[in-house]
Structure formats: structure tokens, C-alpha cells
**Q** 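Okay, here's the structure, questions in a sec.
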Amino acid sequence: MNNMKTRFAPSPTGYLHIGGARTALFNYAYAKHYGGKFVLRIEDTDFERSEKKFEEDIIESLKWLSIFPDEEIIFQSDRLNIYRSYIDKLLKEDKAYYCFCSKELLEEDRNKLIAESKKPMYVGRCRELKPDEALLKTPHVIRFRVDRSPGVATGFKDLIRNQHISVANDEIDDFVLVREDGIPTYNFAVVIDDALTGITHIIRGDDHVSNTPKQIMLYNAFGFNTPEFAHVSMILGSDGKRLSKRHGATSVNQYKKEGFLPEALVNYLIRLGWSHGNDEIFSLEEIIKYFDLKNISKSAAIFNTEKLLWLNSHYIKSKDPFDLIDMINDIRGDLESPLNIDIKTASLVDSLKSRAKTLVELRQKLGFFVNETIDYKDEILSEFNFNESDLLFLKSFREFIDGLNNEIFNSDNIDLTDKAGKANALEMLKNSIESIKNEFNYFLSKNNWTMKEKAMIIRLAFTGEKVSPPIYEIIFAMGKERCIKRIDKFYDYIINIKR
RNA sequence: GGCCCCAUAGUCUAGCGGUUAGGACGUUGCCCUCUCACGGCAGUAACACGGGUUCGAAUCCCGUUGGGGCUGCCA
């Protein structure tokens, strides 16, 4: 069944939000699973609200998530002539009609009906009108003539609920197909495009279920084959309400900026409302392999950042430190200098990657290393009581660092230009750190000291913080000179507060 | 208000007539440990309610309640 085709059809009236990303992902995964095609269509018929920057964001964000369309992107604004020819057909067959009611008049009608506690539907004033040339020159819209025969209903089988959803025709308004400015409305354009481009399966948000019967009427009116429909329930915020800005980040690009990996977001989004047994971790390949609409849950899902963070840390841990450096540099803010792509930085990133849940956090934890100098803060250090023996220790620790073999730190001949070089570098790094560890342990035991009692003062001297990567790794990354500088600075700091 | 949809722990979910109701996030405790993490082990917590059907219902049916969506010349 290789003519299966799905689509993602966002309107560029906002940045790609996570709900849209999930819909795109479902469509993509479904098509790929069955060896079909996935296409992207930008529904930009609302000129008021559509913006170029949103359009670009949607395309970029999908790319970032590795969701690639199989065909050229379709823009509805390029297809206005096509819609026009199809509306003529409907008019000719009397399946649609001109409506000359003004917006004000319609508003009045509506208010009156609501006051009488009736359904606010179009009253049908122009339904049987036969307009002449002169009248046609006045402002008008084109409405679809819904079959109002008693007992008639329009329905479809929803692939996710696996059940028939049917709505009585008299619940459905004579909806507008073409607006006063001649631009087609959503319900009309979407049917023409889906039919003409051969979309076989429409997977979209729950909020469209009430549009589906209208669209099916149009498929029938044009004699098109109706596609299959699947309505995915929506993503809700932490309070169970519709997800919005006040719940935090809602757009894909925000998650990128906040240091999430696309793998994590994809994994989170696919698991939100879909399952494959008890599995939690899915690569895109695995998603494609296992995905099916049968396993999509019917109920709405609440977005949970904690779990996304867990997935993100999982994927960060699995990354090569050099890749992480690239990614951190890619999303860095204007105020941050780029990270050096060298073995020293990589060693710290490698160590820090299990300690950070986002790239942003990882970058922050690198602060003591990236900044040439650090300031010791009284509010952190005041809780420690340093004494003479600490000063003595710092002196001999300084000597120890100074006496370390320079070869341990030598990374001059390491070639980082390709994957193999980087892998090799990572191996050498481990050896160097192991050497430092051995030397340091010897230094400690020689003096009858333990790591436990000396680690904190070293940590404070090197980073100014109570929390840091392991000592040996800091020594390797900073090198002898910088370590000694900080020991000296810390020594002075203690001397000063002692006075 | 009307129409449509949904309902297993705080959250995401497995389950598809017979299970000690499983997994994951979170959370708690312990272990590991140079800090913090990672990791390992253990614990915590759920079938919304009421009627049916059935020998037997989380599972099937009906209702109640709660939630969501739609009710635009937006998509």
C-alpha cells in the first residue's frame, strides 16, 4: 500500500508549538511505517494573521526535529486559482449559493437566536435567492448548501477511537466556502488540497472533529474519495487546561533555546499519547518501526516537563562530548563566548553531561572553567573554617600540582579534525585522568591524608563552588598553570579573611 | 445552552472478561561516593461514581459526575 500519503498542514499564525510538532510526528511516523509519503502544506489563507517568520519557524523547527517532507512544500496562497475553479463547479450544480447578508445583519440574527435560546446558525435568508448581475457586484460570500432532509446525518469512522462519529445535518450550518474578499475558507481549501494531492490519511488534532462532517460533505459534493480520519487528542497544560504560554514554553524553538535535544523532544512527544508496550526510549527509526494509530490513546494528555527533562538528560548522557560542544555553541546566547573545541573542554563536558539536564545547564556548570578567573564569594565560603593546616595543605598541594609530569597535559599532537581523531582523543583523555588520579592518591597517602577530607578545599579553590566535577578532571582540564593560579588566589583569600 | 469526544497513581501509560492491576517520570529510603550527579536496590501511589450484563468485570452496556473540543467571512 504505497500510495499512502499523510500531511501536516499548519497555518503560519504562530511558532510551531509542541502540539503541532506531535501531530506532524504522528503523520510522519505513520506514513513512514507503511512506506508511504508525508507532505507539508502551509495553510496561509488568513493573510491577516499569517506571517513569514512563522512560516520559516515551522519549516526550520520540523527540520530540527528531523521531520522531513517527501515532496515540495505546498503553500495555499499559491493555489487560489485552483480553488476558484472548484467553487464554480459547486455553484453551477447549485450545491453552493451566494449570500449577501452583511456581517452586521448576521450578528443581529445571531443575537436574536441566542436570546430565544436557539442554535445560532445562519437563518438561510439567501439560500433560495437567484441573484442577478447587479446584485453579484455587491459584497457577498459563498455558502455551502447543507442537505437538510430530515434524519440525514454525516459521519465518519475515526481511526483512533475505532468508532463511528456522526452528526445530524441540521446541526451543521451552511458554512462559508469563500469569503467576501474571494479567499477560500479553511474547510473548503483543505478539502481541495487534500483531495488533489492524494492524501489518504488525515491525522490531526481533536479540535477538528466538528469540521470533519463539513469536509466530508464537500468530498461528496465534488465526488472525491474520502480519506481516512484520525483525531488525536490534545496536549493540556499542568492544570488540565489547554496548553498556552502561561504554562511555560510552548514552541519548539523555545525548547531548542532552553537546551533540549531534538531526540528528547521527539521521544517525549511520541510517548505522549502513544505507547508500545512498556518501552520508553525510542529513536526516530524505532518510532517508525513500531508506530501505529491503534496504540494512540483517546484521552487528552497533560504535558509534563519533568519527564521531558529526564529524557533530555538521557540523551545528553548518550552524546559524544564534542557533539555536545557543537550543540551548546549552536544555541549560545549573544553574551556567551563559544566553547573551545579541544580535549580539555571535552573532558569536562564528558564529565558534566551526566550532571546536567539541559545544554543550558551544562554550559552554566562550565562557568568556572570558561571564565579565566573566578571570584570567591563570602556567602559560600563563610561556612567553612579554614585554619593553618589548610594553608599548609594548599602549599603542599601547590607543589604537587607543580610537580606533575607535563606530558599528562600535552595535547599538542591530538588531531580533532575527524571522528576517529576525536574518539582517539577521548581515549587519551581517560589515560591522562587516570594518571592524575594515581599521582594524587600517592600524594595523599604519603601525607596520611584522605580524599574525603581534602576534596572540598580543593574544589573551593578551583571553582569557588561547593559542587563541581571530580577533582582529577578539573586538574586535567585546567592544566598546571591555571590550577596553581587559583591555589594562590585562594591562599590569599584565606589569609585575608583570617585577618 | 446545544452538539461531539474523553475518563487506570501527582503525570505519561500497559491491560483488551479470570493479573498479587505491570512499566516509566516524580517522590521517599538505602547502597555507591572527593561534592553534586550518574548508576544500583527497595518503597510510595491508581481502575471517578452509581446501576446493569455475567459464574466472574479496570475491561461490555446505560446513567451521573468531572474534563476537553466545537458552536467565525481563524485554522
Side-chain angles (χ1 to χ4, degrees), chain A residues 9-14 43-46 48-50 76 99 101-103 106-107 110 114 117-121 139-143 155 158 160-161 163 165-168 170-173 175-187 189-190 204-213 231 233-234 236 238 240-242 268 271-281 295 297-311 313-314 317 351-357 365 437 440 444 450-460 463 465-472:
Chain A
S11 65
T13 54
E43 310 224 319
D44 53 352
T45 52
D46 184 349
E48 298 279 306
R49 299 196 305 147
S50 294
Q76 288 192 324
C99 173
C101 301
S102 70
K103 284 178 186 171
L106 257 19
E107 185 65 30
R110 169 173 288 108
I114 291 171
S117 60
K118 286 179 184 162
K119 285 174 217 157
M121 290 172 70
H140 59 267
V141 301
I142 298 172
R143 287 181 183 274
D158 186 89
I160 286 168
R161 276 148 260 273
Q163 138 184 202
I165 298 176
S166 177
V167 176
D170 56 17
E171 290 288 340
I172 299 172
D173 215 346
F175 54 100
V176 173
L177 300 172
V178 179
R179 307 189 299 213
E180 209 169 271
D181 58 7
I183 305 300
T185 60
Y186 162 73
N187 276 313
V190 85
R204 71 207 330 185
D206 219 346
D207 47 340
H208 281 294
V209 287
S210 54
N211 282 323
T212 305
H231 292 95
S233 58
M234 319 214 67
L236 271 27
S238 46
K241 302 280 180 213
R242 196 189 188 123
Y268 181 71
R271 266 299 275 119
L272 194 60
W274 174 78
S275 60
H276 180 259
N278 282 333
D279 297 349
E280 294 288 348
I281 305 293
N295 308 311
S297 89
K298 295 188 270 276
S299 49
I302 290 174
F303 191 86
N304 181 239
T305 312
E306 294 295 325
K307 188 150 184 183
L308 209 209
L309 280 167
W310 173 72
L311 280 164
S313 55
H314 169 85
K317 270 177 271 177
S351 164
L352 248 17
K353 69 183 187 181
S354 66
R355 295 172 161 80
K357 292 186 169 179
K365 288 187 191 297
K437 181 181 175 181
F440 186 69
L444 284 176
T450 63
M451 186 63 167
K452 208 173 187 67
E453 60 186 359
K454 298 303 176 195
M456 191 51 83
I457 189 169
I458 298 173
R459 185 185 329 283
L460 291 168
T463 70
E465 305 281 345
K466 286 188 285 183
V467 172
S468 82
I471 305 289
Y472 320 120

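Here the structure is a predicted model, which means the values were calculated and not measured. Proteins get letters first, then strands, A, B, ... in listed order; numbering begins at 1 in each. Because only heavy atoms are used, hydrogens play no part in the values below, and waters and symmetry mates are left out as well, while side chains stay in.
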**Q** Looking only at the side chain of S275(A) (C-beta and beyond, no hydrogens), which of the listed nucleotides C38(B), A14(B), C34(B) gets closest?
**A** A14(B)

**Q** What's the closest nucleotide to the M451(A) side chain, out of C4(B), U13(B), C34(B)?
**A** C34(B)

**Q** Given the P atoms of G51(B) and G67(B), what is the spacing between them in whole Å?
**A** 23 Å

**Q** I need the minimum non-hydrogen distance between P139(A) and E180(A), along with the two atoms involved.
**A** CB-CD, 3.7 Å

**Q** Taking the P atom of each, how far is A21(B) from A46(B), in whole Å?
**A** 12 Å

**Q** Look at the side chain of T185(A) and the backbone N and O of V176(A), then say whether any donor-acceptor pair between them is shorter than 3.5 Å.
**A** yes

**Q** Side chain of R161(A), heavy atoms from C-beta onward: which of A75(B), C34(B), C6(B) has the nearest atom to it?
**A** C6(B)

**Q** Looking across every strand, which nucleic acid part, if any, lies under 4.0 Å from K298(A) by heavy atom: base, sugar-phosphate, or nothing?
**A** sugar-phosphate

**Q** Pick the P atom in C55(B) and in U8(B), then give their distance to the nearest Å.
**A** 29 Å

**Q** Of the options C73(B), G72(B), U8(B), whose atoms approach the side-chain atoms of K103(A) most closely?
**A** C73(B)

**Q** Give the nucleotide from the list G26(B), G69(B), A75(B) with an atom nearest to the side chain of M234(A).
**A** G69(B)

**Q** Locate the shortest heavy-atom distance separating K298(A) from S233(A); write the atom from each residue and the value.
**A** O-CB, 3.5 Å

**Q** Side chain of N278(A), heavy atoms from C-beta onward: which of G72(B), C34(B), G23(B) has the nearest atom to it?
**A** G23(B)

**Q** If the threshold is 4.0 Å, N to carboxylate O, is there a salt bridge linking K365(A) and E465(A)?
**A** no

**Q** What's the closest nucleotide to the K317(A) side chain, out of U13(B), A7(B), G39(B)?
**A** G39(B)

**Q** Side-chain contact test, heavy atoms from C-beta onward, threshold under 4.5 Å: evaluate it for K307(A) versus E280(A) and give yes or no.
**A** yes

**Q** So does R355(A) reach the base of C38(B) with its side chain, donor to acceptor, closer than 3.5 Å?
**A** no

**Q** Rounded off to whole Å, could you give me the NE2-to-P distance for the H276(A) and G22(B) pair?
**A** 21 Å

**Q** When rounded to the nearest Å, what value does the distance between C1' atoms of G23(B) and A14(B) take?
**A** 7 Å

**Q** Distance check needed: A24(B) P versus L272(A) CG, whole Å only.
**A** 18 Å

**Q** Applying the Watson-Crick and G-U wobble criteria at under 3.5 Å, what pairs with A21(B)? Answer none if nothing qualifies.
**A** none

**Q** Which distance, rounded to the nearest 0.5 Å, do you find between the OG1 of T450(A) and the CG of L444(A)?
**A** 7.5 Å

**Q** Counting only Watson-Crick or G-U wobble pairs whose two distances fall under 3.5 Å, which nucleotide matches C60(B)?
**A** G52(B)

**Q** Which base, if any, makes a Watson-Crick or G-U wobble pair with A7(B), both distances under 3.5 Å?
**A** U65(B)

**Q** Looking only at the side chain of E171(A) (C-beta and beyond, no hydrogens), which of the listed nucleotides A75(B), C3(B), U71(B) gets closest?
**A** C3(B)

**Q** Distance between the C1' atoms of G26(B) and A48(B), in whole angstroms?
**A** 23 Å

**Q** Give, for atom CG of N211(A) and atom CZ of R204(A), the distance between the pair rounded to the nearest 0.5 Å.
**A** 6.5 Å

**Q** Who is the Watson-Crick or G-U wobble partner of G26(B), with both distances under 3.5 Å?
**A** U44(B)

**Q** For nucleotides U53(B) and A42(B), find the distance between their C1' atoms and express it as a whole number of Å.
**A** 43 Å

**Q** Closest to the V467(A) side chain: A75(B), U35(B), G23(B)?
**A** U35(B)

**Q** Which sits closer to the 5' end of RNA chain B, L236(A) or V167(A), going by the nucleotide each is nearest to?
**A** V167(A)

**Q** Could you measure between the two P atoms, the one in U44(B) and the one in G22(B), and give it in whole Å?
**A** 11 Å

**Q** Hey, which of these two, E453(A) or D279(A), hits RNA chain B nearer its 5' end, going by closest nucleotide?
**A** D279(A)

**Q** Rounded to whole Å, how long is the line connecting atom OH of Y268(A) with atom C1' of U13(B)?
**A** 11 Å

**Q** Counting only side-chain heavy atoms from C-beta out, which of G26(B), C73(B), U35(B) sits nearest to S468(A)?
**A** U35(B)

**Q** Please report the distance, rounded to the nearest Å, between CD in E280(A) and C1' in U11(B).
**A** 12 Å

